[in-house]
Amino acid sequence: MTGVVDSDELVRRIQRARARAAHEERLWRARSAELERADPAEKGAADMHRLAYEAVLRVLDEILTPGKSDVRS
C-alpha cells in the first residue's frame, strides 16, 4: 500500500486509468470487427470486453467531469 496522495496526483491517476480504458476499448472494438468476418462465434466475447471498457470510461468521465455525460443512460 502506498502513502497518502494529494488531489492532483489522484486526478492524474484517474486520467491514466481513463486513457488505458480508452485504449483497451479501441483494441476490443477492432478485434470485434475482425471477428465478425473471421469467427462470428467469438465476436460476442470481444463485444463483452468492449462494453466493459465503455462502462469504465463512462464512470471515469463522470468522476473527472461531473454532469458532462448522463451515466444512467
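Remember, it's a predicted structure, so these values are computed and weren't measured experimentally.
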Q: With rounding to the nearest 0.5 Å, note down the distance linking CZ in Arg26 to OH in Tyr53.
A: 12.5 Å
Q. How many angstroms lie between atom CZ of Arg31 and atom CZ of Arg50, to the nearest 0.5 angstrom?
A. 14.5 Å
Do you know which two heavy atoms are closest between [X] and [Y], and how far apart they sit?
{"X": "Val5", "Y": "Arg13", "result": "CG1-NH2, 3.3 Å"}
{"X": "Glu62", "Y": "Gly67", "result": "OE2-N, 3.0 Å"}
{"X": "Arg18", "Y": "Leu57", "result": "O-CD2, 3.5 Å"}
{"X": "Ala17", "Y": "Leu60", "result": "C-CD1, 3.8 Å"}

**Q.** CZ (Arg12) with more than 12 external heavy atoms under 6.0 Å
**A.** yes
Q: Give a yes or no on whether Leu10 and Ile63 share a hydrophobic cluster (residues Ile, Leu, Val, Met, Phe, Trp, Tyr; joining criterion: side-chain heavy atoms under 4.5 Å apart).
A: yes
Q: Examine Val56 and Met48 and state if one hydrophobic cluster contains both, with Ile, Leu, Val, Met, Phe, Trp and Tyr joined whenever side-chain heavy atoms are less than 4.5 Å apart.
A: no
Q) So, the side chain of Ser32 versus the backbone of Trp28: is there a donor-acceptor pair under 3.5 Å, distance only? A) no
Q: Show your working on side chain to side chain contact (heavy atoms under 4.5 Å, CB included) between Arg16 and Arg20 and close with a plain yes or no.
A: CA-CA 6 Å; Arg16 284 194 306 269; Arg20 178 60 188 250; over 6 Å; no
Q. Do Leu51 and Glu54 have side chains that get closer than 4.5 Å, going by heavy atoms?
A. yes
Q. Do the non-hydrogen side-chain atoms of Asp6 and Glu9 ever get within less than 4.5 Å of each other?
A. yes
